[in-house]
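A short write-up of the structure that comes next.
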Amino acid sequence: MIYELLSVNEIAAEIGKNMRLARAAHGLRQEDLALLSGASLQAIKNLEGGGKVEFMTFLRVAKALNIDQDIWASCLPKPKSLDELTRIESARAESTRVRVTK
């Protein structure tokens, strides 16, 4: 699947489907995952259905399913040029503020 062509809602639906598959792979019911992650049953249903959930809920569920490292890795910047790499390294060296200059 080419994710660049998907809308945000389509991406959410695909992520929800994959979270459901990960839950099934662990042999968990939605109720079990809710208890394990500290999320509500409704949040699990919303997440698996591609609906809205709080970001922290998403991360707690991902951690309960042991896929949080994959999410972490997918969010790391992937520079496509030396200029982008330089800006990333500069931002890492600064404190919490990131200034972008053109």
Side-chain angles (χ1 to χ4, degrees):
M1 180 166 301
I2 303 172
Y3 287 99
E4 292 86 11
L5 301 177
L6 297 179
S7 70
V8 172
N9 289 339
E10 291 168 325
I11 292 170
E14 285 296 313
I15 289 172
K17 181 177 74 173
N18 290 337
M19 297 288 265
R20 181 178 54 80
L21 295 174
R23 175 179 58 77
H26 285 280
L28 298 170
R29 299 173 304 141
Q30 287 181 328
E31 294 84 355
D32 301 327
L33 182 55
L35 287 172
L36 188 62
S37 67
S40 70
L41 178 58
Q42 188 59 52
I44 301 298
K45 290 178 180 183
N46 288 349
L47 179 59
E48 290 185 1
K52 293 181 181 179
V53 295
E54 291 186 14
F55 185 64
M56 295 306 288
T57 299
F58 170 76
L59 292 178
R60 282 196 307 274
V61 172
K63 189 163 189 65
L65 293 171
N66 200 30
I67 58 175
D68 53 313
Q69 291 298 319
D70 297 327
I71 293 168
W72 175 269
S74 71
C75 292
L76 292 173
K78 296 164 186 70
K80 294 181 176 73
S81 69
L82 184 57
D83 197 36
E84 285 182 15
L85 178 61
T86 302
R87 286 194 299 268
I88 290 167
E89 291 306 316
S90 175
R92 274 196 183 112
E94 292 179 14
S95 59
T96 56
R97 295 184 73 184
V98 176
R99 292 186 179 98
V100 178
T101 57
K102 294 183 181 186

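In this text the structure is predicted, and so the values were computed from the model without any measurement.
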Subject >> L28: side chain to side chain contact (heavy atoms under 4.5 Å, CB included) partners, not counting sequence neighbours >> reply: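 Only R23, H26, D32, L33, L36, L65 meet the side chain to side chain contact (heavy atoms under 4.5 Å, CB included) criterion with L28.
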Co-membership, hydrophobic cluster, residues [X] and [Y], 4.5 Å side-chain:
| X | Y | value |
| --- | --- | --- |
| W72 | I11 | no |
| F58 | V8 | no |
| M19 | L21 | no |

**OP:** Could you work out the complete set of other residues in the hydrophobic cluster of L82, with links drawn between I, L, V, M, F, W and Y side chains under 4.5 Å apart?
**Re:** L85
Original post:
For L6, does its backbone N or O pair with a side-chain atom of E10 as donor and acceptor, under 3.5 Å?
Top reply: no
**OP:** Looking only at non-hydrogen atoms, find the nearest pair between A39 and A43 and report the distance.
**Re:**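 Closest heavy-atom pair between A39 and A43: CB-CB, 4.3 Å.
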**OP:** Indicate the atoms forming the closest heavy-atom contact of E31 with L41, along with that distance.
**Re:**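 Minimum heavy-atom contact is N-CD1, 3.9 Å.
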When rounded to the nearest 0.5 angstrom, what distance separates [atom1] in [X] from [atom2] in [Y]?
| X | Y | atom1 | atom2 | result |
| --- | --- | --- | --- | --- |
| Q69 | K63 | CD | NZ | 7.0 Å |
| I67 | L59 | CD1 | CG | 10.0 Å |
| I44 | R29 | CD1 | CZ | 12.5 Å |

Subject >> Side-chain heavy-atom pair I88, R92 within 4.5 angstrom cut-off >> reply: yes
Original post:
Do T57 and L47 have side chains that get closer than 4.5 Å, going by heavy atoms?
Top reply: no
Subject >> Contacts of type side-chain hydrogen bond (donor to acceptor under 3.5 Å, both in side chains), residue K45, not counting sequence neighbours >> reply: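 Partners of K45 under the side-chain hydrogen bond (donor to acceptor under 3.5 Å, both in side chains) test: none.
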**OP:** Verify the distance criterion only: is there a donor paired with an acceptor across the side chains of N46 and Q42 at less than 3.5 Å?
**Re:** yes
Original post:
Is atom NZ of K78 surrounded by more than 12 heavy atoms (other residues, nucleotides or ligands) closer than 6.0 Å?
Top reply: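 For K78, atom NZ is crowded (more than 12 foreign heavy atoms under 6.0 Å).
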Original post:
Yes or no on side-chain contact (heavy atoms from CB on, under 4.5 Å) for R20 and K17, after CA distance, side-chain angles and deciding distance?
Top reply: CA-CA 5 Å; R20 181 178 54 80; K17 181 177 74 173; 3.7 Å; yes
